[in-house]
Amino acid sequence: MSSAEYNAFMDEVDAALDEMRAEEQAARPVRERMAEGLDTASRGLSFAGALAQHSATVLDGDLTDAIEAVGALQTQLGAVGFTLAREAAVRGLHQDVAMSLVDWLRVRCPWLSTQDAAQISAIVRASQSPVTTVIGDAVADGSVPVHRAALVARTMTRLESSLDPDQRDSYARIASAAAARPDLSDHDLAKVCHRLVEDLLQEAQPGERERKASSCGRSPAAASAPG
């Protein structure tokens with residue numbers, strides 16, 4: 001067997017072993033695989049944390065890459081946390097103990113701030129509607145961090161009574177797409193969400209503008225004010 005043939009054979013063996021391992025993993029209960037994944041992630045972060053104590057010896061470029069990787073991990077962790085919180089809300093686990101979802105999350109995760117828990121709750125609420133579930137999906141797949149999705153969710157909640165289902169779906173997709181753009185700052189995203197509110201007020205028919213402004217939490221005077 002030539003060197004090329006041997007390498008090709010070993011590649012086939014590795015592929016077969018990977019497939020077997022994947023099948024074995026798939027046969028295990030989800031709870032076991034999830035617990036193992038979280039444990040592995042925790043041990044990996046502990047290892048990285050220990051090395052971070054020696055960051056003074058790391059080159060500038062590598063330090064920048066590491067910080068960017070931490071940011072990406074935070075988004076991933078937020079995605080996992082939101083997905084689990086959404087499932088807990090669907091099952092009504094917080095209602096079983098007569099708590100709001102925010103309080104229930106803070107009891108389970110004492111280090112979670114009230115603001116952070118409220119952001120998760122806002123996205124959960126928005127994602128319960130079929131026409132705005134895209135907001136929660138964007139968090140769950142890791143494309144939008146929690147704090148940006150929460151801004152979109154609150155905007156959609158604010159507009160909920162003033163939009164028909166097709167409009168809500170359209171507005172939610174526009175705002176979620178903006179939230180997923182890394183070139184848009186949080187301030188820019190807030191401007192996009194504000195513009196959606198303004199556009200809704202501009203589209204309203206005479207006599208309807210005041211009603212929509214009221215339902216969006218604004219006074220008629222504020223709605224008619226220029227700029």
Side-chain angles (χ1 to χ4, degrees), residues 30-31 33-35 37-38 41 71-109 111-182 184-200 212 215-217:
V30 172
R31 60 180 177 80
R33 287 182 283 157
M34 182 168 61
L38 292 173
L73 285 171
Q74 287 177 327
T75 300
Q76 284 184 280
L77 184 59
V80 174
F82 163 74
T83 302
L84 296 176
R86 179 169 60 177
E87 180 61 26
V90 169
R91 298 186 186 189
L93 298 186
H94 59 297
Q95 296 171 340
D96 290 345
V97 289
M99 283 185 174
S100 68
L101 181 59
V102 171
D103 290 339
W104 187 85
L105 288 172
R106 296 204 66 221
V107 168
R108 299 302 170 189
C109 306
W111 56 88
L112 197 66
S113 71
T114 301
Q115 180 182 6
D116 290 340
Q119 289 176 344
I120 295 172
S121 180
I123 305 168
V124 168
R125 181 186 184 284
S127 65
Q128 289 174 340
S129 171
V131 292
T132 52
T133 188
V134 62
I135 302 171
D137 292 343
V139 177
D141 67 19
S143 59
V144 176
V146 168
H147 74 280
R148 286 168 71 88
L151 176 58
V152 174
R154 286 169 175 153
T155 299
M156 294 309 304
T157 298
R158 183 181 177 189
L159 299 175
E160 186 174 11
S161 62
S162 302
L163 299 173
D164 62 36
D166 288 341
Q167 288 175 315
R168 289 173 64 198
D169 177 75
S170 177
Y171 273 50
R173 290 185 184 282
I174 291 171
S176 295
R181 288 179 53 181
L184 286 183
S185 67
D186 291 351
H187 179 69
D188 291 334
L189 177 61
K191 288 166 57 176
V192 169
C193 291
H194 179 72
R195 182 59 184 271
L196 290 177
V197 176
E198 292 297 315
D199 285 350
L200 175 63
K212 289 186 179 292
S215 67
C216 290

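Everything numeric in this text was worked out from a predicted model, so none of it was measured.
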Name all residues meeting the side-chain contact (heavy atoms from CB on, under 4.5 Å) criterion together with Q95; count only those two or more places apart in sequence or in a different chain, and write none if there are none.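 So Q95 forms no side-chain contact (heavy atoms from CB on, under 4.5 Å) with any residue.
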With sequence neighbours excluded, tell me which residues meet side-chain contact (heavy atoms from CB on, under 4.5 Å) with D188.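 In terms of side-chain contact (heavy atoms from CB on, under 4.5 Å), with neighbours along the sequence ignored, D188 is linked to L184, S185, K191.
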Could you report the tightest heavy-atom contact between [X] and [Y], atom names first, then the distance?
{"X": "V131", "Y": "A172", "answer": "O-CB, 4.1 Å"}
{"X": "W104", "Y": "M99", "answer": "CA-SD, 3.8 Å"}
{"X": "C193", "Y": "T155", "answer": "CB-OG1, 3.3 Å"}
{"X": "A149", "Y": "V139", "answer": "CB-CG2, 3.2 Å"}
{"X": "A118", "Y": "V102", "answer": "CA-CG2, 3.7 Å"}
{"X": "F82", "Y": "G136", "answer": "CE2-O, 3.2 Å"}

Quick one: does [X]'s side chain have a donor or acceptor within less than 3.5 Å of a partner on [Y]'s backbone?
{"X": "T132", "Y": "A126", "answer": "yes"}
{"X": "S121", "Y": "A117", "answer": "no"}
{"X": "R168", "Y": "L163", "answer": "no"}
{"X": "S143", "Y": "A138", "answer": "yes"}
{"X": "S170", "Y": "D166", "answer": "no"}

Do [X] and [Y] come close enough that some side-chain heavy atom pair is under 4.5 Å?
{"X": "L159", "Y": "Q167", "result": "no"}
{"X": "T83", "Y": "E87", "result": "no"}
{"X": "I123", "Y": "I120", "result": "no"}
{"X": "V80", "Y": "L84", "result": "yes"}

Is there a side chain to side chain contact (heavy atoms under 4.5 Å, CB included) between L200 and V197 once you walk through the steps? CA-CA 5 Å; L200 175 63; V197 176; 5.8 Å; no
Gap between atom CG of D103 and atom CZ of R108 - 0.5 Å precision: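 It is 12.0 Å, given to the nearest 0.5 Å.
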Going from CD on E160 to OG on S129, what distance comes out if it is rounded to the nearest 0.5 angstrom?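 Reported to 0.5 Å precision, the distance equals 7.0 Å.
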Qualifying salt bridge (charged side-chain N to carboxylate O under 4.0 Å, His left out) pairs, either residue in residues 131-147, two or more places apart: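 Qualifying pairs, neighbours excluded: R86-D137.
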Other residues, nucleotides and ligands only: do more than 12 of their heavy atoms fall within 6.0 Å of CZ on R106?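 Yes, CZ of R106 has more than 12 neighbouring heavy atoms, counting only those of other groups under 6.0 Å.
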